[in-house]
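The block underneath contains the structure these notes are about, expressed in structure tokens.
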Amino acid sequence: MEKFEIKGGEPLGGRISVHGSKNAVLPIMAATLLIRGETVLHNVPALSDVEASAQILRHLGAVVKRDGSTLSINTRDIVNNDIPEEMMREMRSSIIFLGSLVTRCREAFLCPPGGCDIGVRPIDLHISSLKKLGVQITENGSCIHCLAQRLTGSKIFLSFPSVGATENIMIASVLARGKTVIINAAREPEISDLATFLNSCGARIFGAGESTVEIEGVDELYPNAHTVIPDRIVAATYMCAASVAADELIIDDIRPAHLSPVIPVFAEMGCRIYLSGSSLKLVSPSRLKRVKSIKTLPYPGFPTDCQSIVMACLSLARGTSTVIESVFDSRYKHISELRRFGADITVNDRVAVVSGVKELYGANVYSTDLRGGAALVTAALAAKGVSTVGGLEHIDRGYEALENNLKKIGASIERKNYE
């Protein structure tokens, strides 16, 4: 079993770069099924989730090659229309292949997806939305069978602004007959990046990043190249690490606008933020201040993916902070592990009350999900003594060589094998 061994209390500083967005590149990879030719994607991080998507594409018949941070995907010859259960279970976002596979092959076989256990994330919105586009879908519990000729545009209202459902509808409707309108669409930057990619290939998508998105179906998409946006959650993670373990840190290759939901929280904690082009400098106080209340919401609200990592920071803040998780119902599994460091956190349903302590102490902890794992690494960087963080398979889903990047800014962190 691999674990991080972290000696806490080492001062961080210098510069660190943000890699490409996991949540942006995965739907783009799925969308390449709509293109009969080679797509070239730049700024693609080497993550286990990206490799899982690449394996799905290879199974379907695509040729996928990596050269550094560039991924080439040739989907000219697709020979299979099913995704095996073991591949679907590798990650939750594998359901994003639903719209592209049925559009390309007219028939698709998938099973329910896997991924982090952070609460109920039903695929009902995906299924009901694709049905409105003309896809015939039957389920038998372990398999989803989709059948369609050319899809037909429709007006689709989402009861919740689901990122995955919005992406699936966009992907499925770009080659549909007529116009599709998504009402109450997700507004995350990753939605806009998917639209930018598809439009560069000949799609006609309007309003991505707003609550209403219109897609005018076209007959064909064409191969093109695209550079994936930076990962805003990785940037926020580095901001958290800096706030508890650095006097100041410069974070490069960011999109400042994408961090607008989290910057006010760091300012309330007493951090000073300086923006310059695609760089951010964070100067931390001698001790963080409490935050009155944080509530996770769909973009442009405070991101649920940052909740656990910021909570690790608040565990050291002066005063008591309140965190409300309104997006997922089981995203507090990291709290029991943070308590092992000495954090004082109580939970009542979806409300966590964080009473800041002066010091955290080294502990042996285990991550059960991606962002919870990042929270434990953040706490370990600030804690006195040596900590180990297990469950690295979760962290590797969203952070490329996290230990190597943290070493560059002064962290004492090693990836070790434990029997």
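Every value quoted in this text rests on a predicted model; they were computed, and no experiment measured them.
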* Considering only heavy atoms from C-beta outward, does the side chain of P261 approach that of P303 to under 4.5 Å? -> yes

* To do: Would you list the pairs meeting salt bridge (charged side-chain N to carboxylate O under 4.0 Å, His left out) in which at least one residue belongs to residues 334-344, sequence neighbours left out?
  => E337-R340

* Does a sphere of radius 6.0 Å around CG in D67 hold more than 12 heavy atoms from other residues, nucleotides or ligands, not counting ones at 6.0 Å or beyond? -> no

* **Under-4.0 Å salt bridge between R331 and E325** => no

* Asked: Sub-3.5 Å donor-acceptor pair from the side chain of R350 to the main-chain atoms of S326, do we have one?
  -> yes

* K155, NZ: over 12 other non-hydrogen atoms inside 6.0 angstrom -> no

* Structure fact -> Heavy-atom closest pair (H126 atom, S162 atom, distance to 0.1 Å) is NE2-OG, 4.4 Å

* Nearest 0.5 Å please: distance from the OH atom of Y399 over to the CD1 atom of I233. => 7.5 Å

* Ignoring hydrogens and angles, tell me if any N or O in the side chain of N224 forms a donor-acceptor pair with the backbone of S200 under 3.5 Å. => yes

* **Shortest non-hydrogen separation from S159 to L125 and the atoms involved** => OG-CD2, 3.7 Å

* Is any side-chain heavy atom of L158 closer than 4.5 Å to a side-chain heavy atom of I169? -> yes

* Taking all non-hydrogen atoms of both residues into account, name the closest pair between G391 and Y366 and its distance. => N-CE1, 3.2 Å

* Asked: Where do T388 and N364 land on the side chain to side chain donor-acceptor pair (under 3.5 Å) test, with the steps shown first?
  -> CA-CA 5 Å; T388 62; N364 299 318; 2.8 Å; yes

* To do: Please collect all ring-ring contact (aromatic ring centres under 6.0 Å, His included) contacts where either partner lies in residues 198-237, sequence neighbours excluded, each pair once.
  => F197-H226

* **Atom pair OG (S129) and CD1 (I123), whose distance is rounded to the nearest 0.5 Å** => 11.5 Å

* Asked: Quick one: CG on L402 to OH on Y238, what's the gap to the nearest 0.5 Å?
  -> 6.0 Å

* So, do I345 and V323 sit near enough that their side-chain heavy atoms are less than 4.5 Å apart? -> no

* To do: Test side-chain contact (heavy atoms from CB on, under 4.5 Å) on T103 and L151 and set out the steps.
  => CA-CA 7 Å; T103 298; L151 279 61; 4.2 Å; yes

* Is there side-chain contact between I324 and S293, with at least one heavy-atom pair below 4.5 Å? -> yes

* To do: Determine yes or no for a side-chain-to-main-chain donor-acceptor pair under 3.5 angstrom, with Y361 supplying the side chain and G342 the backbone.
  => no

* Asked: Ignoring hydrogens and geometry, is there a side-chain-to-backbone donor-acceptor pair from R66 to G68 under 3.5 Å?
  -> yes

* **Pairs flagged by salt bridge (charged side-chain N to carboxylate O under 4.0 Å, His left out) wherever residues 200-229 is involved - sequence neighbours left out** => R150-D219, K179-E214, R204-E216

* D396 side chain to S48 main-chain N or O, any donor-acceptor pair under 3.5 Å? -> no

* **Under-4.0 Å salt bridge between R232 and E190** => yes

* Hey, does the side chain of D369 reach the backbone of G372 with a donor-acceptor pair shorter than 3.5 angstrom? -> yes

* Does V213 reach the side chain of I205, with side-chain heavy atoms less than 4.5 Å apart? -> yes

* Backbone N/O of V228 and side chain of N43: donor-acceptor pair under 3.5 Å -> yes

* Find out whether I215 and V181 are in side-chain contact, i.e. whether some heavy atom of one side chain is under 4.5 Å from a heavy atom of the other. => no

* Asked: Are E85 and R89 within salt-bridge range, i.e. N to O under 4.0 Å?
  -> yes

* **Under 3.5 Å: donor-acceptor pair, side chain of S100, backbone of L33** => no

* Shortest non-hydrogen contact from A245 toward L381 -> CB-O, 4.2 Å

* Asked: Rounded to the nearest 0.5 Å, how far does CD1 of I156 lie from CG of L130?
  -> 7.5 Å

* Show the numbers, then the answer: is there a side-chain contact (heavy atoms from CB on, under 4.5 Å) between D82 and H59? => CA-CA 9 Å; D82 70 297; H59 166 78; 3.4 Å; yes

* Taking all heavy atoms of G362 and all of S387, pick out the closest pair and write down the distance. => CA-OG, 3.2 Å

* To do: Please answer whether the main-chain N or O of I73 pairs with a side-chain N or O of T32 as donor and acceptor at a distance below 3.5 Å.
  => no

* **Candidate pair I309 and H334, rule side-chain contact (heavy atoms from CB on, under 4.5 Å), full reasoning** => CA-CA 9 Å; I309 317 168; H334 58 281; over 6 Å; no

* Structure fact -> dist R15:CZ -> D252:CG (nearest 0.5 Å) comes out at 4.0 Å

* To do: Kindly give the heavy-atom pair with the smallest separation between I413 and K407, and that separation in Å.
  => O-CE, 2.7 Å

* Apply side-chain contact (heavy atoms from CB on, under 4.5 Å) to E248 and L282, showing your working. => CA-CA 5 Å; E248 66 177 58; L282 184 145; over 6 Å; no

* Could you tell me the separation between the OG1 atom of T75 and the CZ atom of R36, rounded to the nearest 0.5 Å? => 8.5 Å

* Asked: Would you find more than 12 non-hydrogen atoms of other residues, nucleotides or ligands less than 6.0 Å from Q149 atom CD?
  -> no

* Side chain R290, main chain L314, donor-acceptor under 3.5 Å -> no

* Would one find more than 12 heavy atoms of other residues, nucleotides or ligands at under 6.0 Å from atom CZ of R76? -> no

* Compare all side-chain heavy atoms of L338 with those of L376 and state whether any distance is below 4.5 angstrom. => yes

* Hey, are the side chains of E268 and F266 touching, using non-hydrogen atoms and a 4.5 Å cut-off? -> no

* Verify the distance criterion only: is there a donor paired with an acceptor across the side chains of D231 and H19 at less than 3.5 Å? => no

* Taking atom types as modelled, find out whether H42 and T70 have a side-chain donor-acceptor pair closer than 3.5 angstrom. => yes

* Is the closest side-chain donor-acceptor distance between H145 and E107 under 3.5 Å? -> yes

